[in-house]
Amino acid sequence: MRFVKGLIGLILITVGLMLIVITIDDSLLIKNILLKVLGTFCIFIGADILHRQFHPNKYNRI
């Protein structure tokens with residue numbers, strides 16, 4: 001399960017970067033903004049998932 005969550009985190013980071021790069025060629029402003037916001041959220045969620053995999057004790061509050 002840990003391997004699957006780590007893989008999902010890496011995939012989310014990669015998809016987020018691709019969404020941000022796609023916006024360079026398009027001319028529609030609203031589409032660019034939405035893709036950049038969606039890409040940024042994907043990167044943050046992927047980084048959070050990966051951080052929880054490598055530092056699980058930080059999230060276990062007593």
Side-chain angles (χ1 to χ4, degrees):
M1 190 66 182
R2 182 171 275 204
F3 176 75
V4 173
K5 285 184 181 179
L7 190 61
I8 290 172
L10 286 174
I11 290 170
L12 280 172
I13 290 173
T14 305
V15 168
L17 289 173
M18 285 191 301
L19 287 176
I20 290 174
V21 170
I22 286 172
T23 60
I24 293 173
D25 295 333
D26 291 335
S27 60
L28 298 173
L29 181 65
I30 295 175
K31 183 180 174 185
N32 285 344
I33 292 172
L34 290 176
L35 282 176
K36 284 183 182 182
V37 168
L38 184 64
T40 305
F41 281 131
C42 284
I43 290 172
F44 284 137
I45 292 171
D48 184 54
I49 290 173
L50 280 178
H51 190 265
R52 286 178 185 262
Q53 290 304 111
F54 291 111
H55 302 287
N57 294 331
K58 188 172 186 176
Y59 295 96
N60 295 335
R61 302 281 176 164
I62 296 175

May I ask you to test the Val15-Met18 pair for a side-chain heavy-atom distance under 4.5 Å? yes
Closest non-hydrogen contact found for Cys42 with Gly16 is CB-CA, 3.8 Å
Applied to residues 5-15, the salt bridge (charged side-chain N to carboxylate O under 4.0 Å, His left out) test, sequence neighbours excluded, yields none
Close side-chain approach of Ile20 to Leu35, heavy-atom, < 4.5 Å | no
In this structure, CD1 of Ile8 is separated from CD1 of Ile13 (nearest 0.5 Å) by 12.5 Å
Connected to Ile30, directly or through other members, by ILVMFWY side-chain contacts below 4.5 Å are Leu34
Would you mind writing out the side-chain donor-acceptor pairs for residues 43-51 within the sub-3.5 Å range, not counting sequence neighbours?
residue	atom	partner	partner atom	Å
Asp48	OD2	Arg52	NE	3.3
His51	ND1	Tyr59	OH	2.9

